[in-house]
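Please read the structure below before turning to the comments.
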2 protein chains.
Amino acid sequence: METQTVQNKRPGGRSAAVLNSVKVAVEELVQERGRERVTIPMVAERAGVNPTSVYRRWGDLQTMINDIATYRLDPSRPIPETGSLKSDLTAWAREIVEHYRNPTNAALLRGGAASAGETESDCTRNRRAEAGMMVQRYGTASPITPDEVLDHLVAPIIYRVIFLPWTLDETTADSLVDVLFANR
Amino acid sequence: METQTVQNKRPGGRSAAVLNSVKVAVEELVQERGRERVTIPMVAERAGVNPTSVYRRWGDLQTMINDIATYRLDPSRPIPETGSLKSDLTAWAREIVEHYRNPTNAALLRGGAASAGETESDCTRNRRAEAGMMVQRYGTASPITPDEVLDHLVAPIIYRVIFLPWTLDETTADSLVDVLFANR
DNA sequence: CTCCTAAAGCAATTATGTTTGCGTTACTCG
DNA sequence: CGAGTAACGCAAACATAATTGCTTTAGGAG
């Protein structure tokens with residue numbers, strides 16, 4: 001699942017309009033029908049665009065969806081920096097939970113899960129890098145390792161997003177962090 | 001994702017043979033090409049069966065794969081009962097890890113993930129029920145709740161299966177249980 | 001063993017997704 | 001602006017998936 005944004009030598013005007021309406025169409029359809037039941041002709045029709053344009057720009061559905069999904073949860077967004085590891089992780093986890101409480105983002109994650117596994121996805125790699133960054137800030141004496149963050153903070157969130165989305169609420173992030181820091 | 005085994009008024013002989021060769025074909029193909037790139041005609045050809053038979057019995061690919069996946073990790077298998085909650089959970093987690101270290105089972109899980117979300121899948125429900133059973137055995141004074149088992153034992157395993165399968169080894173289950181019981 | 005019919009096989013048809021060649025539009029650079 | 005060309009739209013060709021009516025095979029009750 002490699003996700004390099006499909007670049008365009010004429011990014012403005014009509015191309016931008018096509019990109020935008022396709023993006024909206026994909027998000028709507030993935031949310032309405034689930035990643036499995038979305039096809040390129042379907043997206044093209046909803047977007048008011050010719051299917052050929054989609055095929056020529058992205059090649060196939062997976063590439064297109066990965067490309068579109070990249071626009072969300074920007075990898076270059078600022079990582080919380082609040083003064084303590086615990087509050088950084090809380091803020092960060094809340095962001096992730098809020099992101100995936102959006103059904104479109106959840107559906108895109110599920111779609112990505114299906115094709116994950118052989119190679120580390122951008123999504124996973126980014127989460128790991130961000131976790132490492134926060135932990136390192138507070139030195140090697142940190143009570144928490146990046147792997148623990150993945151296992152006990154990211155994993156429960158992602159598991160719930162995929163399999164138990166209705167259990168995600170605004171308290172999820174905080175209580176997971178509490179458990180992570182209990183007795184340390 | 002509803003998974004009711006497609007029942008057959010003539011379960012023996014030829015039907016059984018078809019079911020079996022289709023099952024093998026699905027497992028091979030899902031493992032070889034990933035859930036996304038498997039089609040019914042493909043499965044039928046590999047199985048040496050007419051595609052029509054597959055369409056008529058299962059209707060579509062998702063139903064078929066869910067049905068086939070149900071044959072694995074038998075829900076009526078015995079739950080470990082070793083005398084302590086910690087060792088029960090360890091044995092149970094080891095089973096799950098071993099199950100999903102098989103690439104076919106991992107691929108089927110990823111395929112299921114794609115269509116999960118709207119309704120609780122059998123797989124998830126069973127894990128939760130099993131966790132509850134083990135915890136209850138040792139009374140309400142238990143230091144661990146079923147939800148904690150899901151968040152901190154099941155979730156990390158499933159997360160790794162889907163996104164980081166190469167990080168699963170024979171120590172994974174034990175160390176996750178150790179963390180779960182640390183300081184309790 | 002025999003009959004009944006569920007399930008499988010086959011072939012023709014329909015539907016849908018994908019590719020391709022070519023003409024048209026309109027972004028961008030000078 | 002105006003020329004050059006990237007990207008789009010259209011329509012036809014192609015490929016493959018799904019459906020359907022009919023025939024054949026064989027499981028299982030009596």
Side-chain angles (χ1 to χ4, degrees), chain A residues 4-30 32-68 70-71 107 111 114-115, chain B residues 2 4-30 32-68 70-71 111 114-115:
Chain A
Q4 80 278 15
T5 296
V6 177
Q7 87 285 53
N8 199 319
K9 293 183 180 176
R10 288 181 180 174
R14 183 157 70 162
S15 286
V18 167
L19 173 61
N20 211 54
S21 53
V22 167
K23 181 183 155 188
V24 171
V26 166
E27 291 171 357
E28 285 178 2
L29 287 167
V30 165
E32 286 171 23
R33 311 173 45 93
R35 161 72 177 74
E36 302 292 274
R37 291 173 188 171
V38 174
T39 66
I40 286 182
M42 214 174 224
V43 169
E45 190 190 317
R46 174 76 61 106
V49 158
N50 197 291
T52 311
S53 304
V54 177
Y55 283 115
R56 288 221 235 256
R57 200 192 280 204
W58 286 283
D60 64 36
L61 197 71
Q62 192 58 50
T63 303
M64 181 188 68
I65 289 187
N66 288 341
D67 187 54
I68 301 269
T70 301
Y71 288 94
S115 63
Chain B
E2 59 254 25
Q4 80 279 19
T5 296
V6 176
Q7 86 287 54
N8 200 317
K9 292 182 180 177
R10 287 182 180 173
R14 183 156 73 160
S15 287
V18 167
L19 174 61
N20 211 53
S21 52
V22 167
K23 181 183 154 188
V24 171
V26 165
E27 291 171 356
E28 285 178 2
L29 286 167
V30 166
E32 286 171 24
R33 311 174 44 95
R35 161 74 178 71
E36 304 291 275
R37 292 173 188 169
V38 175
T39 66
I40 287 182
M42 211 175 229
V43 169
E45 190 189 317
R46 173 77 60 107
V49 158
N50 196 292
T52 310
S53 304
V54 177
Y55 283 117
R56 288 219 237 255
R57 200 193 276 200
W58 286 283
D60 63 37
L61 197 71
Q62 192 58 50
T63 304
M64 181 188 69
I65 289 187
N66 288 341
D67 187 54
I68 302 268
T70 301
Y71 288 93
S115 64

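By convention in this document, chain letters (A, B, ...) are assigned in the order of the sequence lines, proteins followed by strands, and residues within each chain are numbered from 1. Note that these values count all heavy atoms, side chains included, but never hydrogens, waters or copies made by symmetry. These figures come from a predicted structure and were not determined experimentally.
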Over how many whole Å does the gap from L19(A) atom CG to dC8(D) atom P extend?
-> 9 Å
Could you state the atom-to-atom distance from CG of N50(B) to C1' of dT25(D) in whole Å?
-> 13 Å
Looking at side-chain heavy atoms only, is the closest gap between M64(A) and V22(A) below 4.5 Å?
-> yes
If each of P51(B) and G48(A) is mapped to the nucleotide of DNA chain D with the nearest heavy atom, which maps nearer the 5' terminus, i.e. the 5' end?
-> G48(A)
Between S53(A) and dG9(D), does any side-chain N or O lie under 4.0 Å from OP1 or OP2?
-> yes
Hey, does I40(B) have a side-chain heavy atom less than 4.5 Å from the side chain of W58(B)?
-> no
Terminal axes of the helix from dC1(C)-dG30(D) to dG30(C)-dC1(D) (5 end pairs apiece), angle rounded to 10 degrees, sit apart by 50°
For dT19(C), does either OP1 or OP2 sit under 4.0 Å from a side-chain N or O belonging to Y55(A)?
-> no
Compare all side-chain heavy atoms of V38(A) with those of V43(A) and state whether any distance is below 4.5 angstrom.
-> yes
Length of the CE-P vector between M64(A) and dG17(C), whole Å | 12 Å
Nucleic acid contacts of residues 33-47 of chain A, taken as heavy-atom distances under 4.0 Å to DNA chain D = none
Below 4.5 Å, heavy atoms only, C-beta onward: do R35(B) and L61(B) meet side chain to side chain?
-> yes
With distance as the sole test, does R57(B) use its side chain to make a donor-acceptor pair with the main-chain N or O of N8(B) at under 3.5 Å?
-> no
Taking OP1 and OP2 of dA6(C), is either one under 4.0 Å from a side-chain nitrogen or oxygen of N8(B)?
-> no
Could you verify whether a donor N or O on one side chain and an acceptor N or O on the other, from N50(A) and S53(A), lie under 3.5 Å apart?
-> no
Note: M42(B) and R37(B) closest approach over all heavy atoms is SD-O, 3.5 Å
How close or far is atom P of dA18(D) from atom CZ of R57(B), stated in whole angstroms?
-> 18 Å
Once you round to the nearest 0.5 Å, how far does CD1 of I65(A) lie from NZ of K23(A)?
-> 14.5 Å
Taking protein heavy atoms under 4.0 Å as touching, what does nucleotides 22-30 of chain C look like 5' to 3' if B marks base contact, S marks sugar-phosphate-only contact and - marks none?
-> B--BBBS--
Can you see which heavy atom on A16(A) is nearest to which on P11(A), and at what distance?
-> CB-O, 3.4 Å
Hey, is the main chain of A17(A) close enough, under 3.5 Å, to the side chain of S21(A) for a donor-acceptor pair?
-> yes
Roughly how far, to the nearest 0.5 Å, is the CZ atom of R46(B) from the CD atom of E32(B)?
-> 4.5 Å
